[in-house]
Amino acid sequence: MSSGLYSQLTEKRRLIAHEEVQDPRSSPDPVAARILKPSVIPVITYPASWSFRMLQAAAVLTLDIQLKAIEKGMVLKDASAYNIQFAGPNPIFIDTLSFEQWSEGNPWFAYGQFCRHFLAPLALMSYGDVSLHTLWSAYPDGIPLPVATQLLPLKARFSMGLYLHLFLHASQLNATPRGGAKTAKKFSKQELTNLANHLKAIVKKLKPAATPSNWIEYYENDVEQAYQVKKREVISGWLKEQQPGKVLDVGANRGQYSYMAAETAACVIAAEADPTCVDAMWLDMREKKVDRILPICFNAANPEPGIGWMNEERSSVLERIGADSVLALAVTHHLAITYAIPFHRQAEFFFRLGKEAFVEFIPKPDPKVQLLLKTHRNPFDSYSRETFVAAFEKLFDVRRSAVLSDSGRELFWLVRKPGV
């Protein structure tokens, strides 16, 4: 605070702002020095929910803050990806207590953590597959470097930066120096600066893997225009009438309906299983400076679980993103046919996610359902509007419905039953 670093970072919205709310002497903790009340972030996300470019932005922000701290004679004492959150599409650092004074000659002790939390997963998503963000569920403290280097292809070794900071680094983790421990190298401030700048250059050079996507141009190529116009008209009217605070758009694709929801909602979570779509959304929203929409990677059939100690150290995504209203547009047939999730279990899922829901039913004769049935056996005795409505009416009241297409696609405005 006294160095000016806090004000410098908060003014540029790189560090979350706080206020001191009470005298620390009134705290039940006898060693409390300050009681801080940070600004509220509407949605808490973890790296398992971030696309490649979101993690890349978080890595660059961490290094930028490290560089600013070095200028003031301080360093970050940890480099956890969990220190970053997203306020809309913009990353922001939230760990006010991560800063400490640098002692002459000390290395950056958080270097190994930065490599596990940022460089290793980014390299895997660059040289492997963009869907490898899901490895965070298996490795809550970042990807161990010996694991990452085993998974990376041979060509990754030809990147001098990755060779130094991942492959060579991994080989030295368990190496026992001959003749006993070596004297630790003394680091100058310039060397710390050079390290941060070198890591930043490596991170910024990485590109997401060219993973094939079936959904990136879905609305442009595969959806009838008249159906889209009708659907937008109905949803827009219902949202204006509803005036929700927080909206969760499940199966957001590239945010076509998330943008519409943001016209009335205070906050929209654009949740999409395809990380390529999430990357495209994030880039678009950042370019347009849209701050009320947060894109995340979210597979409704396999949501991000609680992880860490007793599965409670980091709560599950379902515990973190409760919404006033849920959009589930052209989703239920995928859950029912591709993942064999019956309608009554889907109703329970959407009941848990929000107070109200706009849920679309796609009838069996619809071409998209028929396409799914060519590659998946129909797991139910009856896939019909009647079974859909009967399942959802156990938990919701149907406030309104509207037919959207000649094939019988229908949108339902569902409200939780009181007392259920």
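A cation-pi geometry, defined here as NZ or CZ lying under 6.0 Å from the six-membered ring centre and within 45° of its normal, holds between R232 and Y257. A cation-pi contact, defined as under 6.0 Å to the ring centre and within 45° of the axis, links K288 to Y259.
In this structure, the side chains of I65 and L76 come closer than 4.5 Å at one or more pairs of heavy atoms. Within the 4.5 Å cutoff, no side-chain heavy atoms of L239 are placed close to those of E263.
Taking the six-membered ring where tryptophan is involved, the planes of F349 and F298 are essentially parallel, since the angle between them stays under 30° and well short of 60°. A perpendicular orientation is assigned to the rings of Y46 and Y82, their planes being inclined by more than 60° (bins at 30° and 60°). Between F167 and Y163, the two ring planes are parallel [angle under 30°; tilted spans 30° to 60°].
Side-chain contact annotation: E304 with S316, donor-acceptor N/O pair under 3.5 Å absent. Side-chain contact annotation: H117 with D141, donor-acceptor N/O pair under 3.5 Å present.
Atom NZ of K204 has 12 or fewer neighbouring heavy atoms from other residues, nucleotides or ligands inside a 6.0 Å radius. Counted within 6.0 Å of NZ on K72, heavy atoms from surrounding residues, nucleotides or ligands total more than 12; the atom is thus considered enclosed.
Across K231, Q225, K230, a single residue satisfies side-chain hydrogen bond (donor to acceptor under 3.5 Å, both in side chains) together with Y227, and that is K231. Test I362, L404, V403 against E410 for side chain to side chain contact (heavy atoms under 4.5 Å, CB included) and you get one pass: V403.
Checking side-chain atoms of S137 against main-chain N and O of P305 turns up no donor-acceptor pair under 3.5 Å. Side chain of T338 to main chain of L335: no donor-acceptor pair is present (N/O by atom type, distance under 3.5 Å, no hydrogens or angles). One N or O on the side chain of S171 and one on the backbone of L168 form a donor-acceptor pair closer than 3.5 Å. Using modelled atom types, no side-chain atom of N253 and backbone atom of G255 make a donor-acceptor pair closer than 3.5 Å. Looking only at distances, no side-chain donor or acceptor of R409 sits under 3.5 Å from a matching main-chain atom of P363. In this structure, the side chain of R53 does not engage the main chain of D279 through any donor-acceptor pair within 3.5 Å. Using modelled atom types, no side-chain atom of T387 and backbone atom of Y383 make a donor-acceptor pair closer than 3.5 Å.
Checked against a 6.0 Å centroid threshold, the rings of H165 and Y111 count as neighbours. Aromatic pair F392/F412: ring centres not closer than 6.0 Å. Taking the ring centroids of H18 and Y6, they lie under the 6.0 Å cut-off.
Salt-bridge annotation for E241 and R399: present, with a side-chain N of the basic residue lying under 4.0 Å from a carboxylate O of the acidic one.
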Self-check item: Candidate pair D78 and S80, rule side chain to side chain donor-acceptor pair (under 3.5 Å), full reasoning
Solution: CA-CA 6 Å; D78 57 354; S80 169; 5.7 Å; no
